[in-house]
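Read the structure below first, then the notes.
For the single chain, residues carry numbers from 1 onward in sequence order.
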Amino acid sequence: MSIICKSQSELAAMREAGKIVAGTLQALRELIAPGVTTRALDKAAERYIRDCGGTPAFKGYRGFPASICVSVNETVVHGIPGKRTLSKGDIVSIDVGVVYEGYVADAATTEAVGPVDGEASRLMNATSSALAAGIEKAVEGNHLSDVSNAIQMKVEAEGFSVVREYVGHGIGRSMHEDPAIPNFGQPGKGPLLAPGMVLALEPMVNVGTWQTEVQRDGWTVLTKDRKLSAHYEHTVAVTKNGPWVLTAT
Ligand code: MG
């Protein structure tokens, strides 16, 4: 494993990519409503990213056909935008990656479509709090698995389960760099975090079993029990001054 540390100017460039990601997610939040197709979200995202001078990082990645992933309800991640319309009570996860001047930033959010039931809103709160707990541990001198463990503890304290087969990742000039970052594990293991490391932290959290399966399209990941799943992600730099969330609004 080789973790590429970024210089101050590289982090500044990644922050510019991160601002476009944040702006895209904000624009999509305003569009999410019952009756909107997932394809409409994709088109709006691509337009926003290109208008900012960026490139959608996911489009064409290993053949992925769209600019964003849109994952509704029991879809964990990698949902392909299409004809599906959002319905009142759905939860929808949007994952966006942007390349800007050679650097990539990656973030995701889960949003409610109109009012949702208590379980769905507890799931979303637990997942975003777990991400925040992981970010807090992304500091110089911690071990990588301190981040993983903080995420898992937060999720399991709420009675939900952490997906095992998909993990966070280092990020920089490539969308996926070392290290792989599981959202579970014992603390105190793995590499020591150092300034300049950039981590895409992304808990994927299920109401029921952590197990998943991939649909026949080769992309769409569903919960095995078809219960709800949520996904939040930020691109986070480890700095001398603590974690810097490069995809913050
Ligand atoms: Mg990611």
Out of curiosity, does [Y] fall in the hydrophobic cluster containing [X] (side-chain heavy atoms, cut-off under 4.5 Å, transitive links)?
X    : Y    : value
V21  : M14  : no
V147 : V245 : yes
V198 : L144 : no
Y103 : F58  : yes
V70  : V36  : yes

Would you say that [X] contacts [Y] through its side chain, given a criterion of any heavy-atom pair below 4.5 Å between the two side chains?
X    : Y    : answer
V238 : P243 : no
I151 : K137 : no
H143 : L192 : yes
I32  : V92  : yes
D106 : D95  : yes
P179 : M197 : no
R122 : F160 : yes
W210 : M204 : no

Please enumerate all residues that pass salt bridge (charged side-chain N to carboxylate O under 4.0 Å, His left out) together with [X], with sequence neighbours excluded.
X    : answer
R173 : none
K6   : E177
R47  : none
R29  : E111

With a 3.5 Å distance limit and no angle check, can you tell me whether [X] reaches the backbone of [Y] through a side-chain donor-acceptor pair?
X    : Y    : result
D117 : G89  : no
Y232 : T110 : yes
S145 : Q186 : yes
D178 : I3   : no
R164 : V162 : yes
S161 : G208 : yes
Q26  : G23  : no
T247 : T235 : yes

Straight-line distance of [X] [atom1] to [Y] [atom2], nearest 0.5 Å:
X    : Y    : atom1 : atom2 : answer
E46  : K59  : CD    : NZ    : 3.5 Å
W219 : C69  : CH2   : SG    : 7.5 Å
L201 : N183 : CG    : CG    : 8.0 Å
I20  : R50  : CD1   : CZ    : 11.5 Å

Which atoms form the tightest heavy-atom contact between [X] and [Y], and what is the distance?
X    : Y    : value
A248 : A22  : O-CB, 3.6 Å
V98  : A57  : N-CB, 3.9 Å
S67  : D42  : N-OD1, 2.8 Å
V167 : I181 : CB-O, 3.4 Å
N206 : S229 : OD1-OG, 2.7 Å
Q152 : G185 : OE1-N, 2.9 Å

Within a radius of less than 6.0 Å around CD of Q8, do more than 12 heavy atoms belonging to other residues, nucleotides or ligands occur?
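No, because the 6.0 Å sphere around CD of Q8 holds 12 heavy atoms or fewer from other groups.
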I'd like to know whether CD of E136 has more than 12 heavy-atom contacts from other residues, nucleotides or ligands below 6.0 angstrom.
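No, because the 6.0 Å sphere around CD of E136 holds 12 heavy atoms or fewer from other groups.
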Could you walk me through whether L199 and L193 satisfy the side chain to side chain contact (heavy atoms under 4.5 Å, CB included) test, starting with their C-alpha distance in whole Å, then the side-chain angles of each, then the deciding distance to 0.1 Å, before giving a yes or no?
CA-CA 10 Å; L199 311 173; L193 300 182; 4.2 Å; yes
I want to know whether Y61 and H176 have ring centres closer than 6.0 Å.
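For Y61 and H176, the ring centres are under 6.0 Å apart.
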Walk me through whether H234 and E202 qualify under side-chain hydrogen bond (donor to acceptor under 3.5 Å, both in side chains).
CA-CA 7 Å; H234 272 307; E202 50 176 324; over 6 Å; no
Enumerate donor-acceptor pairs with a distance under 3.5 Å from any side-chain N or O in residues 72-87 to protein atoms, sequence neighbours excluded.
{"residue": "N73", "atom": "OD1", "partner": "I91", "partner atom": "N", "Å": "2.9"}
{"residue": "N73", "atom": "ND2", "partner": "D90", "partner atom": "OD1", "Å": "2.9"}
{"residue": "T75", "atom": "OG1", "partner": "V72", "partner atom": "O", "Å": "3.2"}

Verify side chain to side chain contact (heavy atoms under 4.5 Å, CB included) between I68 and L41, making sure each step is shown before the conclusion.
CA-CA 8 Å; I68 59 173; L41 299 177; 4.1 Å; yes
Verdict with reasoning, S148 to F184, per side chain to side chain contact (heavy atoms under 4.5 Å, CB included):
CA-CA 5 Å; S148 309; F184 58 95; 5.8 Å; no
Determine, for E213 against R226, whether the closest basic-nitrogen to carboxylate-oxygen distance falls under 4.0 angstrom.
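So E213 pairs with R226 through a salt bridge.
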Tell me, with the steps shown, if T212 and L222 meet side chain to side chain contact (heavy atoms under 4.5 Å, CB included).
CA-CA 6 Å; T212 63; L222 303 177; over 6 Å; no
If a pair satisfies salt bridge (charged side-chain N to carboxylate O under 4.0 Å, His left out) and one of its residues is in residues 143-158, list it, with sequence neighbours excluded.
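Listed once each, the pairs would be none.
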